[in-house]
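All chains are named by letter (A, B, ...) in the order of the sequence lines, taking the proteins before the strands, and each is independently numbered beginning at 1. In this text the structure is predicted, and so the values were computed from the model without any measurement.
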Number of protein chains: 2
Amino acid sequence: MAGQVQRQTGVALWRQIADRIRQAISAGAYDETGMVPPETVLALQFGVNRHTVRSAIAALAQEGIVRAVQGRGTLIERKERLNFPITKRTRFTTGIGEQAREMRALLLSHSEEKADADVARGLKIRPGEPVVRMETVRKADGRPVSCATAWFPAARFGGMPDAYKRTESITKAFAELGLSDYVRATTEITAVHADEADTAALELAPGAILLITKAVNTDLEGVPVQYAISRFAADRVQFTIEN
Amino acid sequence: MAGQVQRQTGVALWRQIADRIRQAISAGAYDETGMVPPETVLALQFGVNRHTVRSAIAALAQEGIVRAVQGRGTLIERKERLNFPITKRTRFTTGIGEQAREMRALLLSHSEEKADADVARGLKIRPGEPVVRMETVRKADGRPVSCATAWFPAARFGGMPDAYKRTESITKAFAELGLSDYVRATTEITAVHADEADTAALELAPGAILLITKAVNTDLEGVPVQYAISRFAADRVQFTIEN
DNA sequence: TATAGTTGTCTATATCAATAAACATTTAAA
DNA sequence: TTTAAATGTTTATTGATATAGACAACTATA
């Protein structure tokens with residue numbers, strides 16, 4: 001873990017250090033001991049006071065990633081990064097499903113609305129045409145992985161919210177509505193800092209990073225059936241594109 | 001631009017606000033006027049003091065994104081986000097090339113070394129086999145877009161650094177070395193906070209986000225010819241995956 | 001030439017972030 | 001039972017961050 005922390009950047013040192021340790025844990029840097037190095041060692045490594053390191057560790061403990069035990073050291077509690085393959089047949093459940101014991105997909109809310117310019121472009125319909133909108137959260141072993149907003153053409157998939165709520169699966173919901181197969185047409189990926197709403201919904205550390213995908217799924221004739229903007233907790237996932 | 005800023009997160013308010021404004025500019029939120037809203041309006045919007053907004057704007061001015069003019073307002077100087085398609089035939093120059101006036105690819109350093117476990121897995125060779133390693137920076141219109149570390153099997157592509165330095169293109173360098181075509185096999189995408197070295201190399205705002213790709217290119221027989229880890233300035237690029 | 005609207009500067013104060021040094025408490029091993 | 005090594009607590013001090021209010025300087029427009 002080379003490289004020093006930066007001062008006067010608007011990002012507190014304890015937060016930079018917390019981010020670095022979280023990343024090191026996720027990369028398996030402390031797998032031999034299962035513990036974070038002693039506070040004094042970290043303080044020396046980062047060139048800061050021990051109290052600053054303690055603030056960082058307190059933040060990681062708050063996230064449930066480590067647990068400090070007096071006299072022993074700081075134990076690593078959780079170490080995860082889910083892999084999410086993006087392919088022509090991208091499905092959440094088969095992509096992440098095998099990597100976690102329990103998968104949940106929750107429908108937070110839904111509504112019928114008119115397509116705005118962005119949605120219309122994604123679904124290749126005219127702006128103003130009716131679409132069904134769903135807000136969902138997906139969890140792996142109880143931990144939120146992503147928030148998503150998805151739109152479907154209302155005429156064809158008006159029953160989507162109901163079917164999704166029952167099946168907890170886009171694929172199964174599509175099947176119930178008569179669409180047995182679909183493919184991923186395009187995926188757009190960006191990264192931003194999480195805003196307040198997503199920080200709460202994804203149970204993130206404040207100021208955390210989101211990976212954002214904008215995806216279009218089509219039926220086998222190439223007609224768009226779903227446009228979705230998903231927001232992933234960047235420190236819990238990675239994407240893999242296989243060509 | 002809904003949502004308030006968060007306090008006591010280790011990320012200074014002026015920095016959160018700078019990030020939000022930068023993003024809003026990039027999304028085209030102020031295209032009508034070409035100006036950022038007045039400081040008093042922003043202060044009200046974000047629920048902070050005007051001085052805090054001024055700190056944010058000062059940071060953006062430092063980055064060259066806006067320019068504050070007394071009596072007039074704060075003008076938007078630069079507004080960019082390059083699109084980077086990831087396909088079977090992913091090439092940097094054809095992907096980004098058309099979106100910028102001038103493209104440069106600079107070789108910072110290179111060396112011959114033994115493949116470590118990660119590189120060996122990528123190139124499907126045995127750990128310890130000789131590889132050529134190159135550190136490169138790619139720029140669009142003078143602004144750094146990405147830093148990359150690339151490895152090539154030394155036996156086959158020992159001349160890579162020299163060819164790359166002359167041609168400023170992986171594709172052309174491969175061609176010179178007898179490989180007329182290659183395809184992208186896998187791409188892995190993650191996001192992290194930039195460390196000090198990348199902040200400097202990419203001329204980033206401190207604490208900025210990096211999009212990281214780990215990619216393997218193979219020849220037409222499927223033999224790996226390149227393994228590369230690229231680090232992109234997240235607020236300057238987006239990836240598009242077409243299936 | 002006023003005037004409204006904007007950015008620039010100044011002073012003062014409160015809170016958060018970071019350092020420093022010393023000591024207490026707990027754990028594990030000698 | 002010591003002892004070393006680790007985390008926990010306390011106090012004090014400094015610098016960065018944020019708020020508050022007032023006023024100056026500049027621009028565009030009525």
**Report entry** Distance in angstrom units between E39(A) CD and dT19(C) C1', rounded
**Finding:** 15 Å

Query raised in the report: For the pair made of CZ in F46(A) and P in dT19(C), what is the distance, rounded to whole Å?
Result: 13 Å

Report task. In whole angstrom, give the distance that lies between atom CD1 of I57(B) and atom P of dT9(C). Result -> 14 Å

Requested in this report: Go through the structure and list residues passing side-chain hydrogen bond (donor to acceptor under 3.5 Å, both in side chains) with D116(A), not counting sequence neighbours.
Outcome: none

**Report entry** Pair listing, salt bridge (Lys or Arg N to Asp or Glu O under 4.0 Å) test, anchored in residues 51-61 of chain A, at least two apart
**Finding:** E39(A)-R54(A)

Between protein and nucleotides 18-24 of chain D, what N or O pairs are separated by less than 3.5 Å?
from, atom 1, to, atom 2, distance (Å)
dA18(D), OP1, L13(B), N, 2.3
dA18(D), OP2, W14(B), N, 3.4
dT19(D), OP1, R7(B), NH1, 3.1
dT19(D), OP1, R7(B), NH2, 2.9
dT19(D), OP2, N49(B), N, 3.0
dT19(D), OP2, T52(B), OG1, 2.4
dA20(D), N6, H51(B), NE2, 3.2
dG21(D), O6, H51(B), NE2, 2.5

Please tabulate the protein-to-nucleotide N/O contacts below 3.5 Å involving nucleotides 12-16 of chain C, giving atom names and distances.
from, atom 1, to, atom 2, distance (Å)
dC16(C), OP1, Q8(B), NE2, 3.0

Query - Set of residues satisfying side-chain hydrogen bond (donor to acceptor under 3.5 Å, both in side chains) with respect to S146(A), sequence neighbours excluded - result: R138(A)

Report summary line: Between the NZ atom in K214(B) and the CD1 atom in I189(B), the distance rounded to the nearest 0.5 Å is 13.0 Å

Query raised in the report: salt bridge (Lys or Arg N to Asp or Glu O under 4.0 Å) with E112(B): which residues, sequence neighbours excluded?
Result: none

Please tabulate, for side-chain N and O atoms in residues 65-76 of chain A, each donor-acceptor pair with protein atoms closer than 3.5 Å (sequence neighbours left out).
from, atom 1, to, atom 2, distance (Å)
R67(A), NE, E77(A), OE2, 3.4

Donor-acceptor contacts under 3.5 Å from residues 124-131 of chain B side chains, at least two apart:
from, atom 1, to, atom 2, distance (Å)
E129(B), OE2, R126(B), N, 3.2

**Report entry** Shortest non-hydrogen contact from L107(B) toward P161(B)
**Finding:** CD2-O, 3.5 Å

Report task. Look up atom CH2 in W14(B) and atom CD1 in I57(B), then write down how far apart they are to the nearest 0.5 Å. Result -> 13.0 Å

Report summary line: Per atom distances to the R72(B) side chain, the nearest of dA28(D), dT27(C), dT6(C) is dA28(D)

Query raised in the report: Is T40(B) touching bases, backbone alone, or none of the nucleic acid, heavy atoms closer than 4.0 Å?
Result: nothing

Query raised in the report: Atom CG of L75(B) and atom P of dT27(D): how far apart are they, to the nearest Å?
Result: 12 Å

Report task. Write down the distance between CZ (R54(A)) and P (dA17(C)), rounded to a whole number of angstrom. Result -> 16 Å

Report task. Sequence neighbours left out, what passes salt bridge (Lys or Arg N to Asp or Glu O under 4.0 Å) with R133(B)? Give chain and number order. Result -> E113(B), E135(B)

Between protein and nucleic acid, restricted to nucleotides 12-14 of chain D and to nitrogen or oxygen atoms under 3.5 Å apart, what atom pairs and distances do you find?
none

Report task. For the pair F239(A) and F84(A), name the ring-plane relationship: parallel under 30°, tilted 30 to 60°, perpendicular over 60°. Result -> tilted

Query raised in the report: Rounded to the Å, how far apart are R67(A) CZ and dG8(D) P?
Result: 11 Å

Query raised in the report: For the atom pair CZ (R20(B)) and CD (Q45(B)), what is the distance rounded to the nearest 0.5 Å?
Result: 9.0 Å

Report task. Rounded to 10°, tell me the angle between the two end axes of the helix from dT1(C)-dA30(D) to dA30(C)-dT1(D), each built from five pairs. Result -> 20°

**Report entry** Listed partners of Y164(A) passing ring-ring contact (aromatic ring centres under 6.0 Å, His included), at least two apart
**Finding:** none

